[in-house]
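Below you'll find the structure, written out as structure tokens, and then a few comments.
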Amino acid sequence: MKLISYFRRNLSAKLFLSYLIVILVGVIVLAGAVQIQTPAALQRHIEKMETHIGNDPALAEDLRINFIDAINEITTTAMIVSLAVAIAVSLFTSRRIVEPIRAMMRASREIAAGRFDRRVIVPGEDELGKLARSFNQMAEELETTEQRRLNLIADVAHELRTPLTNIRTMLDALTDGVLPADASAYDTMSKEVRRLQRLVHDLQELSRAEAGQMSIHPEPIQPEELISGVVDRLALQFHDKGVALHVALAPDLPPVLADPARITQVLVNILGNALQYTPEGGEVWISAKHRGDEVQFLVRDTGRGIPPEDLSHIFERFYRVDKSRARASGGSGIGLTISKHIVEAHGGRIWAASEGAGQGSAFGFTLPVA
């Protein structure tokens, strides 16, 4: 029973046993073929020899016995040698096949224990090599995911710490009588509380979006209606900062299938970022044009631009080009991530482009035609 259990649990033993069975079957077939073929071959040999030795039954019998003994000796020697060589080759082949799998087993246990930097050697270009490459790719993705998880925890802690510290400082100052208990102090604390509420709301939105549970209620709507509503909403902010906002809409735009509230959220976020990063005297353009079975929305600005090394990460959660994370330089870094999920939930795509720092930037997305 222990031997059977060993073969069940050990792949190398299973491979060796399968090779051994194939070898034994080959040996049995060889021995059977020899026994079947030997009498006929011997008879033909004796018939040829009779012309030289005459018709002597005793001599013919002696020749037959010696011939069979020689055949059996040669066959036995060949089987023993081939069996020994085959067993050695089987053991070598089994280990070559099983060792990469064992390496992946050891690496998987280490990854499960938290060592996400563990990788395995790719043994070749065959199926085992492809399996090893897939394993390394999986390990790399797990390492990236773990790093993002740690970054997420650190970023959330950072975003929560600042308003909470401000509120606690003001409360201590009010308690000690350092700060007068007037409307201005309470208004400042109220702003910090609202800031916390916005962050919690954004985190809830992001969680629903990444879980695929964001509610989308699409309906046919004209692109002009979406853009004009957002422009009217932000016009005063652009005017106060001294940034020109231009609208360029292609004629005869077809209606798109979209959730007006969600797409308005996307446009407000993108236009808000353009305003945030465009200095006074700069310009922002928002346009829409028909392309095949979709409508393309594009927001361009003459602002600070995006360095090439940051461009591919711009839609990652909590990612901000300004590494100082100063409040004046932007929000929490969730808005573009949520916008990406919203657009993709509509069946569209979103992208960012920039010539580099100081060269402005462009954000575009598409929506399907209704």
- [ ] Describe, in one word, how the ring planes of F297 and F365 are oriented to each other, choosing from parallel (under 30°), tilted (30 to 60°) and perpendicular (over 60°).
- [x] parallel

Open item on the list: If hydrophobic clusters are built from ILVMFWY residues whose side chains come within less than 4.5 Å, do W285 and V230 share one?
Closed with: no

Open item on the list: Would you say that more than 12 heavy atoms from the other residues, nucleotides or ligands in this model lie under 6.0 Å from the CE of M138, or not?
Closed with: yes

TODO: Nearest 0.5 Å please: distance from the OG atom of S361 over to the CG atom of D301.
DONE: 3.5 Å

TODO: Measure the CZ-NE2 distance between F238 and H246 for me, rounded to the nearest 0.5 Å.
DONE: 10.0 Å

Open item on the list: Do V299 and L253 sit in one hydrophobic cluster, given that two such residues count as connected whenever their side-chain heavy atoms are within less than 4.5 Å of each other, even indirectly?
Closed with: yes

Open item on the list: Are the side chains of P254 and Q222 in contact, using a 4.5 Å heavy-atom criterion?
Closed with: no

Open item on the list: For the backbone of L275 and the side chain of K241, can you confirm whether one donor and one acceptor N or O come within less than 3.5 Å of each other?
Closed with: yes

Task: Nearest heavy-atom neighbours spanning A362 and R300 - done: CB-CG, 3.7 Å

TODO: Begin from the C-alpha positions of V343 and V266 and carry the test side-chain contact (heavy atoms from CB on, under 4.5 Å) through to its verdict.
DONE: CA-CA 8 Å; V343 171; V266 173; 4.2 Å; yes

- [ ] List the atom of I216, the atom of A345, and the distance in Å for their closest heavy-atom pair.
- [x] CG1-CB, 4.0 Å

Task: SB check R168 E192 (cutoff 4.0 Å) - done: no

Open item on the list: Within a 6.0 Å radius of atom CD on E110, are there more than 12 heavy atoms belonging to other residues, nucleotides or ligands?
Closed with: yes

Task: Sidechain-backbone polar pair: D259 side chain, P218 backbone, donor-acceptor under 3.5 Å - done: no

Task: salt_bridge(R349, E294) N-O dist < 4.0 Å - done: yes

Open item on the list: Just to verify, which of E140, E143, Q137 counts as forming a side-chain hydrogen bond (donor to acceptor under 3.5 Å, both in side chains) with R119?
Closed with: E143

Open item on the list: According to a hydrophobic-cluster definition based on side-chain heavy atoms being under 4.5 Å apart (Ile, Leu, Val, Met, Phe, Trp, Tyr only), do W351 and L311 belong together?
Closed with: no

Open item on the list: Given F363, which partner from the list L271, L298, I314 fulfils the side-chain contact (heavy atoms from CB on, under 4.5 Å) test?
Closed with: I314

Task: K340/E344 ion pair, N-O < 4.0 Å - done: yes

Open item on the list: Quick check: do T302 and Q359 have side-chain heavy atoms less than 4.5 Å from each other?
Closed with: no

- [ ] Grab the two heavy atoms, one from V256 and one from P223, that are nearest each other, plus how far apart they are.
- [x] CG1-CG, 4.1 Å

Open item on the list: One pair to check against side-chain contact (heavy atoms from CB on, under 4.5 Å): H290 and V369. What are the steps and the verdict?
Closed with: CA-CA 9 Å; H290 185 200; V369 171; 3.8 Å; yes

Task: Shortest non-hydrogen separation from P260 to H217 and the atoms involved - done: CD-O, 4.3 Å

Open item on the list: Contact between L249 and K289 at the side-chain level, heavy atoms closer than 4.5 Å - yes or no?
Closed with: no

Task: Within 6.0 angstrom of L160 CG, more than 12 heavy atoms from elsewhere - done: yes

TODO: Kindly say whether H313 contributes a backbone atom to a donor-acceptor pair with the side chain of D310 at under 3.5 angstrom?
DONE: no

Task: Connected via hydrophobic side-chain network under 4.5 Å: L179 and L164 - done: yes

Task: Distance, nearest 0.5 Å, that separates OG1 of T366 from NE2 of H346 - done: 11.0 Å

Open item on the list: Once rounded to the nearest 0.5 Å, what's the spacing between atom CG of L131 and atom CG of N136?
Closed with: 9.5 Å

Task: Heavy-atom pair with the smallest gap, counting every atom of P220 and A370 - done: CB-CB, 3.9 Å

- [ ] Please check if V295 and I221 belong to a single hydrophobic cluster, counting links between Ile, Leu, Val, Met, Phe, Trp and Tyr side chain heavy atoms closer than 4.5 Å.
- [x] yes

Open item on the list: side-chain contact (heavy atoms from CB on, under 4.5 Å) for V243 and E283? Distances and angles first, verdict last.
Closed with: CA-CA 6 Å; V243 177; E283 296 179 286; 5.8 Å; no

Open item on the list: Under the criterion side-chain contact (heavy atoms from CB on, under 4.5 Å), I'd like the reasoning laid out for I263 against L367: C-alpha separation, chi angles, the key distance, then a yes or no.
Closed with: CA-CA 9 Å; I263 298 304; L367 291 175; 3.7 Å; yes

Open item on the list: Can you confirm whether L196 sits close enough to I167 that some side-chain heavy atom of one is under 4.5 Å from a side-chain heavy atom of the other?
Closed with: yes

Task: Between CD1 on residue I342 and CG on residue L267, distance to nearest 0.5 Å - done: 10.0 Å

Open item on the list: Distance check, rounded to the nearest 0.5 Å: L336 atom CG versus N273 atom CG?
Closed with: 5.0 Å

Open item on the list: Test your reading of the model: is there a side-chain donor-acceptor pair from S190 to the backbone of Y186, 3.5 Å cut-off?
Closed with: no

- [ ] Of all the heavy-atom pairs spanning I227 and A288, show the shortest one and how long it is.
- [x] CD1-CB, 3.9 Å

Open item on the list: Quick one, K130 and V122 - any side-chain contact, counting heavy atoms below 4.5 Å?
Closed with: no

